[in-house]
Amino acid sequence: MPALELDEPDITNKLLELQHEGWLVYAGRTNDRDQWIATRKGHRLTATKVLKRISAEQGLVILDKLIAEARLINSDPERSQRIAEIYLFGSLHTGSEDGTIGDIDIVVETKRRNLPVGEREKLEEAEQVGESWGINRWSRGSLIIGSRLNKIARAVSLHDSMDLRLPGVRFRQIYAFDVEREREIPFDASEKIHAEPLRGQDTPCDPVAKPFTRLPRPWPIAEEDERATLDSADGYEAQHLWQNGLTADAIGEQLRATPADITVYLASRAAPNVKPAKVEGLLSACVRKTLPDECTFSVTVAVKLGRGWDSVEVRAYDADTFDLLGRVTRYSARDARIHHSEPTTIKTMMAISVVAFEWRTRMKSRIANLYVRTWTHVRSEDRPVETKGYPNFQPLEASLLSALAALWAGRNEDDEKIEISIEIKGPDRSRITQRYGRYNDFSFARVPTLLTAPINDVLRPFRRCHAEFLDRSTGYTVSVNQDMLDD
């Protein structure tokens with residue numbers, strides 16, 4: 001399915017597993033697509049912050065800070081409301097087997113202060129300043145209190161008081177304040193279960209699950225030399241529709257694709273799965289670790305980085321003839337397109353595009369305002385070069401912009417664009433060129449030595465510092481253009 005970006009049958013198996021655990025129920029099929037509905041447990045999950053678990057001892061420290069903040073709020077003369085009671089429930093109260101908690105579940109009861117009407121309205125109006133008219137005065141006061149408590153730690157999770165009435169919920173009071181007398185009072189710390197839990201019609205019911213019956217369906221076989229062009233999101237949907245019994249013709253009609261494209265793409269599902277490698281260090285090493293051993297084709301990967309220039313392109317070539325077998329372009333973590341590709345290449349290219357795009361994401365902070373294009377060619381027999389970290393191109397920016405400014409100041413009247421590029425491949429000297437002219441009509445020339453000298457002064461230590469990233473299979477083009485001079 002496109003939403004979760006999982007292939008069939010993995011996505012359906014995962015949903016059935018979630019149903020077994022009580023998060024979802026199968027609700028039947030609409031327009032040939034399976035429908036799943038969240039249970040009460042599932043809805044609670046969507047409202048819960050997913051955080052790294054912390055120790056119960058850390059939770060108690062945060063709880064002490066929360067109570068201290070409550071005391072500050074209740075002593076603030078500018079607040080229209082006070083915190084009357086705080087209740088604790090969940091894992092910090094009940095404990096867990098491993099001594100850790102996910103969050104700190106609390107219920108905070110607030111009350112308006114016992115003030116003359118005019119004085120209280122004045123405080124409420126002050127709290128309302130800058131807020132939308134959709135929030136009434138009373139609500140605004142409690143929202144301010146909730147916001148202050150939430151800022152104590154990400155683990156703080158505020159709940160509605162109705163959650164204490166859910167069947168089986170154990171809780172205890174941890175703070176009490178007499179709003180009438182404006183003073184803190186002793187509280188009852190004993191564990192409780194609500195005397196009037198939600199029952200019958202008050203308790204929301206889980207939807208009734210319908211029986212799920214679907215046997216795995218073999219993937220189709222593509223005709224020899226057939227190729228596919230398809231968006232990745234449509235590919236996930238095509239898998240689902242095929243497993244639900246539709247023909248390639250019917251799927252193509254729904255997705256506005258040819259039956260041949262659908263058939264070839266679905267045929268690619270029969271190939272072994274390819275797991276994206278951990279992203280670290282040299283791009284070629286990340287790609288090689290993803291490329292299956294004894295792969296019958298090699299791949300070329302090009303990564304573009306820069307403002308409005310981000311993309312990844314993966315090409316597959318026959319290992320013997322170097323004929324192009326397919327191409328995948330990835331524009332975002334979720335958006336990719338398969339171009340005229342043989343079924344045996346699609347899974348591998350998609351996995352490599354995921355790895356390359358993650359590499360691009362980690363490189364973004366290392367290019368400053370430059371445009372950087374990285375390319376690499378990898379074969380299955382290549383040994384990955386182990387490196388740590390990533391090349392940093394930021395030191396090149398100042399010298400490139402200085403040279404560009406000089407060229408732009410002395411440009412011909414007809415020149416609408418000037419670009420300076422450095423091609424870096426291997427640890428040897430790098431070629432520095434300029435491209436100039438009108439849009440769609442450019443000429444190329446070497447950059448004058450007077451301007452390249454400061455660039456080379458930066459390039460030499462750059463190459464020494466990044467020698468491990470400058471293997472012969474990987475190249476970089478670093479460029480700037482006149483648009484950057486306006487920044």
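These numbers come from a predicted model, not from an experiment.
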* Asked: Residues two or more places apart in sequence or in another chain: which of them pass side-chain hydrogen bond (donor to acceptor under 3.5 Å, both in side chains) with Tyr390?
  -> Arg362

* Tell me, please, which residues at least two apart from Pro395 pass side chain to side chain contact (heavy atoms under 4.5 Å, CB included). => Asn392, Val458

* So, Arg288 side chain and Ala285 main chain: donor-acceptor pair closer than 3.5 Å or not? -> no

* **Contacts of Tyr317 that satisfy ring pair (Phe, Tyr, Trp, His ring centres under 6.0 Å) - sequence neighbours left out** => Phe322

* So, Asn31 versus Gln254: side-chain donor-acceptor pair below 3.5 Å or not? -> no

* Asked: Residues two or more places apart in sequence or in another chain: which of them pass ring pair (Phe, Tyr, Trp, His ring centres under 6.0 Å) with His93?
  -> none

* In chain order, what residues pass the side chain to side chain contact (heavy atoms under 4.5 Å, CB included) check against Ser75, with sequence neighbours excluded? -> none

* Point-to-point distance, once rounded to the nearest 0.5 Å, from CG of Leu404 to CG of Asn481 -> 7.0 Å

* Hey, are Arg33 and Asn244 close enough side-chain-wise for a donor-acceptor pair under 3.5 Å? -> no

* All side-chain hydrogen bond (donor to acceptor under 3.5 Å, both in side chains) counterparts of Lys278, not counting sequence neighbours -> none

* To do: Using side-chain hydrogen bond (donor to acceptor under 3.5 Å, both in side chains) as the criterion, list what pairs up with Ser365, not counting sequence neighbours.
  => none

* Thinking salt bridges, do Arg71 and Asp76 make one under a 4.0 Å N-O criterion? -> no

* Could you name each residue pair satisfying side-chain hydrogen bond (donor to acceptor under 3.5 Å, both in side chains) that touches residues 57-68, not counting sequence neighbours? => Ser55-Gln58

* Structure fact -> Applying side-chain hydrogen bond (donor to acceptor under 3.5 Å, both in side chains) to Glu423 and not counting sequence neighbours gives Arg431

* Asked: Say you draw a straight line from CG of Asp441 to CD of Glu416; how long is it, rounded to the nearest 0.5 Å?
  -> 9.5 Å

* Is a side-chain N or O of Gln482 found less than 3.5 angstrom from the main chain of Ile418, in a donor-acceptor match? -> yes

* Regarding His377 and Thr300, is there a side-chain donor-to-acceptor distance under 3.5 Å anywhere? -> yes

* Salt-bridge present (Arg269, Glu8; N to O < 4.0 Å) -> no

* Structure fact -> Sorted by chain and number, sequence neighbours left out, side chain to side chain contact (heavy atoms under 4.5 Å, CB included) with Arg460 holds for Asn456, Asp457, Arg463, Arg464

* To do: For Asp98 and Thr100, test the side chains for any donor-to-acceptor distance below 3.5 angstrom and give the result as yes or no.
  => yes

* Going through the distances and angles, do Asp34 and Leu15 end up as a side-chain contact (heavy atoms from CB on, under 4.5 Å)? -> CA-CA 10 Å; Asp34 296 340; Leu15 292 170; over 6 Å; no

* To do: List in chain and number order the residues that pass ring pair (Phe, Tyr, Trp, His ring centres under 6.0 Å) with Tyr371, two or more places apart in sequence or in another chain; answer none if no residue qualifies.
  => Trp309

* To do: Output yes when a side-chain donor or acceptor of Thr433 lies under 3.5 Å from a complementary backbone atom of Ala445, and no otherwise.
  => no

* To do: Sorted by first residue and then second, give each salt bridge (Lys or Arg N to Asp or Glu O under 4.0 Å) pair with at least one member in residues 339-356; sequence neighbours left out.
  => Arg227-Glu342

* Structure fact -> Nearest heavy-atom contact between Val378 and Ser284 is CG2-O, 3.9 Å

* Asked: For Trp242, does its backbone N or O pair with a side-chain atom of Arg217 as donor and acceptor, under 3.5 Å?
  -> yes

* **Non-hydrogen side-chain atoms of Asp105 and Ser157 separated by less than 4.5 Å** => yes

